[in-house]
Every structure is written in structure tokens, then in C-alpha cells.
There are 2 protein chains.
Amino acid sequence: MLGSMTTTTTRDVRAPGLAALAGLLADETRAACLLALLDGRAWTAGELARHAGVAPSTLSEHLGKLVGGGLLAEERQGRHRYVRIAEPRVAQLVEDLAAQIAPDTAPRPHTLRAATAGSAMARGRTCYDHLAGRLGIAVTDALTARGLLRQDTGFALTDPGLRWFEGAGIPLERASRRPLARACLDWTERRPHLAGVAGAALCRHALDAGWCVRIGTERAVKVTAAGERAWGELLGIEAAALR
Amino acid sequence: MLGSMTTTTTRDVRAPGLAALAGLLADETRAACLLALLDGRAWTAGELARHAGVAPSTLSEHLGKLVGGGLLAEERQGRHRYVRIAEPRVAQLVEDLAAQIAPDTAPRPHTLRAATAGSAMARGRTCYDHLAGRLGIAVTDALTARGLLRQDTGFALTDPGLRWFEGAGIPLERASRRPLARACLDWTERRPHLAGVAGAALCRHALDAGWCVRIGTERAVKVTAAGERAWGELLGIEAAALR
DNA sequence: CGGGGCCTTCGGCGGGTGCCGAACCGTCGT
DNA sequence: ACGACGGTTCGGCACCCGCCGAAGGCCCCG
């Protein structure tokens, strides 16, 4: 990644790569794009322009930088330019960065519509490719309480945890360079939840199996009736904790 | 942290906090300062100015931004202004960011002096408050091979691992909000090594007990003769792996 | 084949910011 | 008490970069 960065430097003390990478994130419009793309989907340039509130021409230049920097991957289809986050590590980086921001610095919603949308997001949402919000926390806590996930000495699945995934019919790609389990700090709950290969597999399975459905066009997800049963049977999660 | 950031925004889609935080890292001079401060020590403003190759007045302004943004903490002593990384999570953020940069993008050393210093750094160094380089990898691998650290399902100490730290006389602060074990991606070896509370405690103990000593004014560390014995007895690390 | 939608390129504008040198202030040493 | 030194403030300069509108290209659809 970061293919287009110059390496010309007089002193090896300098860090052009680091500054250039941070520079890609250091613009409000580009940051808004990356946060929007954290939903894991591919957006068109026009959608992002309207979302960020800038002219299409302006956004086109931003996309050029983000794609050139390796943060985004693009896919041209006819007259549309679809763009998505290039790699999970990019999503992780944006998440980590966002988690550094003090909670009280985050803007509060003003309108009722934004408030209800916000509370839906707080209940449950996807964070790139895994579950977050109160739902993500509840699942992570349940895994931990049942001895399937270990958080007290780090963050890793246990052997019973591996068997649980197998028993639930959720295959885990173990050959991946990506870590099997990783902590992602939730920026509404300020608590870690399950990310990594296992987090992504669990989220995908929950959506495929109809345990959760996406609501609206945002990242928010809702637990279905079937989901309440499944989460309860498999992890002993109370239905009340999912609402 | 990030106390001085404005929250005035017309749309909650915007992410002024994220962009502002990234903006602090998006300058070559500031990035050079942060990388230098990754040695965990406190530097004076003048040292940093000479290190970065800019006028003292210029660096003073940079320090104002970094301190104001909560990334650095300062301590005034007489006519000196000592500055250090404010919190471990800031160091973690810089490490994560640096790890994103492609290895072949990293500048290669030009002079012989830089090359030898580079190889000393590659052998062993500190990464903020824990061990890195080949030494850090060797220790992490040895912990993993002995079943004290689990990397295959995430990154966490095992129960024998907890007892090992106790038996070695290395106390672990368990009440901390900081994770006990965390993976830090080494940017010379491109492999994870032990960070977090356990990594910091192990590094501090290794320096206190004389297993390692700092060489030069950089982050590089060297394994002593006593260290070779200790690493061998406690973790079965071959002396050859430490050189 | 023509029209409209999506995107990109280009020119130009304005604001932000990194940089320096000069002047100033406080501290430490002599 | 004086000078040296480290750090800061200020003014000014130059550059970079985000923004827009206008114009053009490309693709799809009618």
C-alpha cells in the first residue's frame, strides 16, 4: 500500500511515510468518507459527495488521493465509480483513530430523527465487518462469560471457543494473516468487542442466518425474533440485553 | 484528551475530531518527534529541534500543538522543557500507524554509521516501553513455544504464562485499564511481539536486572552475558538467537 | 443517434500552516 | 551582576491544499 509516496529525504530521521499516511486522514471530508465506508459496503462517488456535503469535483479529487494512497479500492462499473475500504487493516486503523477521540468531544445529535437513528446505532450496528454497539458488547461479554473468549490476559479465543464456532456451523479461516480474534474499541460503549476473523465470521453468519437484519441505509442492525432465540440458545444472552 | 478541538459542526456526518487528530500526525516534523519519543524517554525541545532539523522556534510551535492535542505531556524544569508521550495508547497509535507503511517504502540507510546503527536497532530495541526488534520477536516466540502466550487464536497470556511472570518475580499490574497482553507489529520484522502491561513489565525487569543494557542514545538495546544466561534458563532462548 | 446522468479535469480563489529570523524572557553559571 | 543559553513570541513569507464552477468525456438509456 501507499504506493505513490515519495521516499526522497535527506535524513532518515524524517518520516515522510507516516506523515503522508496521516495526511490522508487529516481532512474532514476524507475522514467523513472513511467513516461512512466503515459500513463495509461500496459507495459511489456521488453518494459520498452528497453525504459529505461537497461538490462532486471536490470529492473526486479526494477519492483519487485515498485510492492512490491504498486506503480505498475502486471498482468501475459503467458510469459509476464504486469505492470501498481496501483492506481490513485500513478499517482497523480508522477505528483505532476514532477510538482515541474523547467521548464528550463527539458531537451530540440535534434533531429527533438523528437522535432515534443514533439510538438505533447505539443498540446494534456493524463496525466494518463485525458487530458493534450494545449488541456487539453483549455478544462479546457472553462469549467471555462462557469461557469461550479470554479478555483478562489479553484477547483470544479459548479452545472451547474454537469448538463453539465449529459447533455453531461458523467456519473460521485460520490460514489468514489477519488475527483470529482482535479487540475493537467501541466508541459509543467505550468497551472492547470482538473483531478480527472470528468477529467478521460471526457477523456474516448472523446476517445470513437472519439473526440480525440491517435497518435503513446506515450501519444499524436489529435483532430479529429468530435472532433472540438463537442468541439465547447458543450464548445464553437474555432477550432484554438485545433491545 | 484532545481538549482544544472545536465541536462546532453543521452536520453530524463530519468528523472534526478524527481529522484534527490525524492532522497532528500529518506533519513530517511532528511525526519525526513522535517517532523519536517512541523511545519512552523525555526529550528537551532543543534536542528535538536538532533531531528534526528545524529552528527552535518552529519546533516550539509544534510542541504546542502536540501538547495541546493531548499527545504529549510536558514537564518544565528550569529553562528546559521536557516532553514525553502522554499515554501508552498514544504510543500504540503511532506504532499502529507506522506499521501500516509498506516495508519497501521505508528509507534505506545511506552511511555506514547509519547502517551499523540500523542493524543494532534491528537486533534489539525498545518500542516505547516494551522490547522489539529480533530480541522482542525471540522473546515473544519463546513465550509462545512454551505455551505461556497464545497467538493462534488471538493474543493473550495463558494461565501458565501468568504463573511464569509471577515465578520470575515480575509483577503485573492487573487493575490497569491497559490490556495485559497486546500484539505490537514490528516494522522491521513485520511480525507481532509482546506489548501491553506484560510487555512493559518484562522490558523494565530486563533492564533493571541487567539482562539488557541500552547502547548509545537511541532505542537500541544489547543483551548482556547475564542476560544470555537468564533468557536461556527462563525461556530456553538460544544465545545465538539473541545476536 | 441524441440526451441526460455520472464523473473527471482544469483554472482560480482563499485560507491555513510550516518555516525562518529577530527580539524578548527567564534561568543558570560564573 | 553579567553573560550565555534554552525557550517563546511575533511578523512575514511562501507554499500547499481544499473548495468551487465550468467544461468536457464517458456511458447508459430511450
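So that the names make sense, note that chain A is the first sequence line, chain B the second, and so on, each numbered from 1.
- Separating the CG atom of B:Asp27 from the C1' atom of D:dC15 is a distance of 13 Å, rounded to the nearest angstrom.
- Remark: the A:Arg81 side chain and the C:dC7 base include no donor-acceptor N/O pair separated by less than 3.5 Å.
- Of the listed nucleotides (D:dC10, C:dT8, D:dG7), D:dC10 has the atom at the smallest distance from the side chain of B:Glu61.
- A:Leu25 places its CG atom 12 Å from the P atom of D:dG18, with the value rounded to the nearest Å.
- Atom CD of B:Glu47 and atom P of D:dG7 are 8 Å apart (whole Å).
- Mapping A:Thr29 and A:Arg79 onto DNA chain D by nearest heavy atom places A:Thr29 at the nucleotide closer to the 5' end.
- Listed candidates were D:dA4, D:dG7, D:dC28. Nearest to the side chain of B:Thr44 is D:dG7.
- When distances are taken from the side chain of A:Val54 to each of D:dG7, D:dC20, D:dG18, the shortest belongs to D:dC20.
- The shortest distance between the side-chain N/O atoms of A:Lys65 and the OP1/OP2 oxygens of D:dG18 is below 4.0 Å.
- Atom pair B:Trp43:CH2 and D:dG6:C1' shows a separation of 17 Å (rounding to whole Å applied).
- Protein atom CD of A:Glu28 is 12 Å distant from nucleotide atom P of C:dG16, rounded to whole Å.
- With A:Trp211 as the aromatic partner, A:Arg204 does not meet the cation-pi criteria of under 6.0 angstrom to the ring centre and within 45 degrees of the ring axis.
- Not one side-chain nitrogen or oxygen of A:Thr58 sits closer than 4.0 Å to the OP1 or OP2 atom of D:dG18.
- The minimum heavy-atom distance between B:Ala200 and B:His130, with the atom names listed, is N-CB, 4.2 Å.
- For A:Ser57 against D:dG21, a side-chain N or O and a base N or O form a donor-acceptor pair under 3.5 Å.
- In this structure, A:Arg50 forms no cation-pi arrangement with A:Trp43, as its terminal cationic atom is not both closer than 6.0 Å to the ring centre and no more than 45° off the ring axis.
- Nearest to the side-chain atoms of B:Ala45 among the listed nucleotides C:dT27, D:dG7, C:dG18 stands D:dG7.
- Close to D:dT8, at under 4.0 Å from its OP1 or OP2, lies a side-chain N or O of B:Ser60.
- Proximity note for A:His80 (side chain, C-beta onward) versus C:dG4, D:dG18, C:dC7: the nearest is C:dC7.
- Protein atom CG of B:Leu59 is 10 Å distant from nucleotide atom P of C:dC20, rounded to whole Å.
- Atom CZ in B:Arg76 sits about 17 Å away from atom C1' in C:dC28, given to the nearest Å.
- With rounding to the nearest 0.5 angstrom, the CZ atom of B:Arg81 is 9.0 Å from the CG atom of B:Leu59.
- As rounded to whole Å, 18 Å separates atom P of D:dC16 from atom NE2 of A:His62.
- Using a 4.0 Å cut-off between charged side-chain N and carboxylate O, A:Arg41 and A:Glu47 make no salt bridge.
- Regarding contacts with the backbone of C:dG18, a side-chain N or O of B:Arg30 is found under 4.0 angstrom from either OP1 or OP2.
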